[in-house]
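Just below is one structure, and these are the notes that go with it.
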Amino acid sequence: MLFDADRPWEVLVRTGEPLMTADTDDERSGIVPNVVFPTAVEEIDGVHHVFYGMADSKIGVARLVRR
């Protein structure tokens, strides 16, 4: 889901399928297994990156690409 920045209780968009899933060993094994959760999106040199928690034990980063 994407929420409105000024009214965070309002959902702007909801996807039919998850955008992220626990696929790697680091994402599937940890304090809370099989959980990934985005914490920030940052634009770096024109590329958007998602920083996310992996099984509540590590931090990952993923690059966003358009298809």
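Transitive grouping of hydrophobic side chains (ILVMFWY, heavy atoms separated by less than 4.5 Å) brings Leu64 and Met20 into a common cluster. Clustering ILVMFWY residues whenever any of their side-chain heavy atoms sit less than 4.5 angstrom apart, transitively, puts Tyr52 in a cluster other than the one holding Val35. Cluster membership for Phe37 and Phe3, using ILVMFWY side-chain heavy atoms within less than 4.5 angstrom, is not shared.
Between Ser29 and Ser57, the shortest heavy-atom contact is O-OG, 3.9 Å. Of all heavy-atom pairs between Ala55 and Pro33, the closest is CB-CA, 4.2 Å. Closest approach of Thr21 to Glu27, counting heavy atoms only: O-OE1, 3.6 Å.
Note that the OG1 atom of Thr39 and the CD1 atom of Ile59 stand 6.5 Å from one another [nearest 0.5 Å]. For the atom pair NE2 (His48) and CD (Glu42), the distance works out to 8.5 Å, reported to the nearest 0.5 Å. If you take CG on Asp4 and CG on Leu12, they are separated by 5.0 Å, rounding to the nearest 0.5 Å. Expressed to the nearest 0.5 Å, how far CG of Asn34 lies from CE of Met54 amounts to 13.0 Å.
Across Ile31, Thr24, Asp26, a single residue satisfies side chain to side chain contact (heavy atoms under 4.5 Å, CB included) together with Lys58, and that is Asp26.
Arg14 pairs by the salt bridge (Lys or Arg N to Asp or Glu O under 4.0 Å) definition with nothing, not counting sequence neighbours. For Asp56, the side chain to side chain donor-acceptor pair (under 3.5 Å) criterion is met by no residue, not counting sequence neighbours.
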